[in-house]
*Asks:* 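Sharing a structure below in structure tokens format, with a few things to ask.
Just so you know, ligand 1 is whichever comes first in the structure, and atom 1 is the first atom listed for that ligand.
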Amino acid sequence: MWLNTKKMMDTKKQTDRLSRIRQNEAASHTEVYTHEKLYASDTWLKKPIKTVQDIMPSFSDYNELHVLDLGCGVGRNSIYIAESFQGNACIIDCVDILDVAIDILKKNALEHNVSDRINGITTPIEEFAIPTAEYDLILAVSALEHIDTKQHFIDKLQEIAHGIKKNGRVCLVINSDVTEVDAETGASLEPNFEVNLKSDQIMTYLDGIFEGWTVVKKTVVAQEYEIPRDNRTSQLSSKVISFVAQKVRNAN
Ligand SMILES: C[S@@+](CC[C@H](N)C(=O)[O-])C[C@H]1O[C@@H](n2cnc3c(N)ncnc32)[C@H](O)[C@@H]1O
């Protein structure tokens with residue numbers, strides 16, 4: 001009886017935590033997406049990440065490209081891929097939990113003349129089923145740590161591995177060991193990351209799930225940046241993992 005009550009209380013605590021984090025995340029992303037213009041902003045929307053820019057030459061001899069961008073935001077990386085791919089056919093499936101992100105992504109695609117290459121899908125990553133051997137590239141930039149549970153995070157890594165075609169690539173950027181403090185007072189804040197794991201633990205999952213792949217990049221870099229949080233500014237510290245790998249055989 002006591003155990004049942006404790007279990008119910010733990011479940012409620014987890015549900016409350018998830019909804020609190022998701023509300024905060026939605027508010028801070030909406031603030032940036034509605035006030036900052038893609039590639040013309042001093043924020044992280046200024047340009048695509050370098051790791052994505054570095055990957056694109058690997059596809060220079062492809063005539064067709066199928067890409068999945070998990071947690072795509074307003075297309076910082078996808079619009080760049082759509083613009084820089086020189087082959088004939090290119091479809092980028094762009095998944096984000098926020099309607100506002102997908103709406104602005106579509107406007108950005110129109111503005112950059114790549115609407116025919118961008119397929120916006122509003123849904124949580126954990127609910128988007130990745131078809132097997134479908135994609136030449138799957139990217140998830142600062143997104144997988146927002147999956148609802150640690151088990152779903154591991155399952156999604158596995159699904160990503162299965163979703164890649166032979167010779168295709170994954171490009172994952174994942175925040176780990178995250179801490180947050182109020183930038184003004186220094187008071188400790190709850191990090192707004194649904195899954196906040198140690199970098200070593202994530203590395204162990206990556207090594208296991210992508211075993212047999214050619215690892216192109218695997219780095220962990222300590223970073224600090226400021227983000228808007230409830231009418232104040234939060235100073236966030238994170239160890240950012242960048243992982244790029246190519247499926248050379250039909251491993252996984
Ligand atoms: C830090 S932004 C990064 C956006 C984009 N990847 C980029 O590099 O510009 C994280 C994005 O993930 C989205 N997101 C957060 N949790 C998500 C979830 N569970 N499923 C899908 N998208 C999610 C947010 O709405 C936001 O647009």
*Asks:* Please check if the side chain of S176 supplies one atom and the backbone of K239 the other of a donor-acceptor pair under 3.5 Å.
*Replies:*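 Yes; judged by distance alone, with no hydrogens or angles, the pair exists.
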
*Asks:* Can you tell which part of A26 has a heavy atom less than 4.0 Å from ligand 1: side chain, backbone, both or neither?
*Replies:*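 Answer for A26: neither.
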
*Asks:* Considering heavy atoms of the protein only, find what lies nearest to atom 10 (C) of ligand 1 and give residue, atom and distance to 0.1 Å.
*Replies:*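 Going by distance alone, atom 10 (C) of ligand 1 is nearest to S142 O, 3.4 Å.
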
*Asks:* Taking N108 for its side chain and V74 for its backbone only, find out whether a donor-acceptor pair lies under 3.5 Å.
*Replies:*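 At least one qualifying donor-acceptor pair exists.
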
*Asks:* Under 4.0 Å, heavy atoms only, figure out whether ligand 1 is touched by the backbone of H146, its side chain, both or neither.
*Replies:*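 Looking at H146 and ligand 1, atoms from backbone and side chain both fall under 4.0 Å.
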
*Asks:* Touching ligand 1 at all, E194? Heavy atoms, strictly under 4.0 Å?
*Replies:*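 No, E194 has no heavy atom closer than 4.0 Å to ligand 1.
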
*Asks:* Please confirm whether D148 approaches ligand 1 to less than 4.0 Å, judged on its heavy atoms.
*Replies:*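 Per 4.0 Å heavy-atom rule, D148 does not contact ligand 1.
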
*Asks:* So, R20 and D16, do they make that salt bridge, N to O below 4.0 Å?
*Replies:*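 Salt bridge between R20 and D16, a charged N being under 4.0 Å from a carboxylate O: no.
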
*Asks:* Going by the angle between their ring planes, with limits at 30° and 60°, are H146 and H29 parallel, tilted or perpendicular?
*Replies:*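 Perpendicular: the ring planes of H146 and H29 meet at over 60°.
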
*Asks:* What atoms in ligand 1 come closer than 4.0 Å to a heavy atom of R22?
*Replies:*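 Result: 19 (N).
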
*Asks:* Can you tell me if NZ on K37 sees more than 12 non-hydrogen neighbours from other groups inside 6.0 Å?
*Replies:*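 12 or below, so no.
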
*Asks:* When the aromatic ring centroids of F210 and F243 are compared, is their separation below 6.0 Å?
*Replies:*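 Yes, close enough.
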
*Asks:* Think R169 forms a cation-pi with F59, using NZ or CZ under 6.0 Å from the six-ring centre and within 45 degrees of its axis?
*Replies:*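 Cation-pi check for R169 and F59: passes.
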
*Asks:* Just to be sure I read this right, does ligand 1 sit under 4.0 Å from the backbone of N77, its side chain, both, or neither, counting only heavy atoms?
*Replies:*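 Answer for N77: side chain.
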
*Asks:* Answer yes or no: is there an ion pair linking E194 with R17, defined by an N-O contact shorter than 4.0 Å?
*Replies:*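 So E194 does not pair with R17 through a salt bridge.
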
*Asks:* What is the closest protein heavy atom to atom 25 (O) of ligand 1, and at what distance does it sit?
*Replies:*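 Checked against all protein heavy atoms, atom 25 (O) of ligand 1 sits closest to D96 OD1, 2.7 Å.
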
*Asks:* Show the atoms of ligand 1 that are less than 4.0 angstrom away from any heavy atom in L98.
*Replies:*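 What qualifies from ligand 1 is 25 (O).
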
*Asks:* Without swapping roles, check the side chain of E64 against the backbone of A89 for a donor-acceptor pair under 3.5 Å.
*Replies:*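 Such a contact is absent between E64 side chain and A89 backbone.
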
*Asks:* At less than 4.0 angstrom from any non-hydrogen atom of P124, what atoms of ligand 1 do you find?
*Replies:*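 So the answer, numbered in order with elements, is 20 (N), 21 (C).
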
*Asks:* Which of the listed options, A101, G73, G71, holds the heavy atom that is closest to atom 6 (N) of ligand 1?
*Replies:*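 Considering heavy atoms of A101, G73, G71, the nearest to atom 6 (N) of ligand 1 sits in G71.
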
*Asks:* Which one of H152, H29, E126 has a non-hydrogen atom at the shortest distance from atom 19 (N) of ligand 1?
*Replies:*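 Nearest option to atom 19 (N) of ligand 1, by heavy atoms: E126.
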
*Asks:* A quick test of your reading: do over 12 heavy atoms of other residues, nucleotides or ligands sit less than 6.0 Å from CD of E184?
*Replies:*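 For E184, atom CD is not crowded (no more than 12 foreign heavy atoms under 6.0 Å).
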
*Asks:* Nearest to atom 9 (O) of ligand 1, what protein heavy atom do you find, and at what distance?
*Replies:*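 I find the closest protein heavy atom is R76 NE, 2.9 Å.
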
*Asks:* Is atom CG of D42 surrounded by more than 12 heavy atoms (other residues, nucleotides or ligands) closer than 6.0 Å?
*Replies:*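 No, not enclosed.
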
*Asks:* Hey, is E25 touching ligand 1 through its side chain, its backbone, both or neither, going by heavy atoms under 4.0 Å?
*Replies:*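 Answer for E25: neither.
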
*Asks:* Return the residue, atom name and 0.1 Å-rounded distance of the protein heavy atom closest to atom 20 (N) of ligand 1.
*Replies:*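 Answer, as residue, atom name and distance: I125 N, 2.8 Å.
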
*Asks:* Which option, I97, V195, L70, owns the non-hydrogen atom nearest atom 14 (N) of ligand 1?
*Replies:*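 Of the listed residues, I97 has the closest heavy atom.
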
*Asks:* By number and element, which atoms of ligand 1 are closer than 4.0 Å to a non-hydrogen atom of T123?
*Replies:*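 Listed by number with element: 21 (C).
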
*Asks:* Would you please determine whether Y33 falls within less than 4.0 Å of ligand 1 on a heavy-atom basis?
*Replies:*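 Within the 4.0 Å threshold, so yes.
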
*Asks:* May I ask you to check if ligand 1 and V141 share an N or O to N or O distance below 3.5 Å?
*Replies:*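 So ligand 1 has an N or O lying under 3.5 Å from an N or O of V141.
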
*Asks:* Within the side chain of E180, is there an N or O that forms a donor-acceptor pair under 3.5 Å with the backbone of V178?
*Replies:*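 Absent.
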
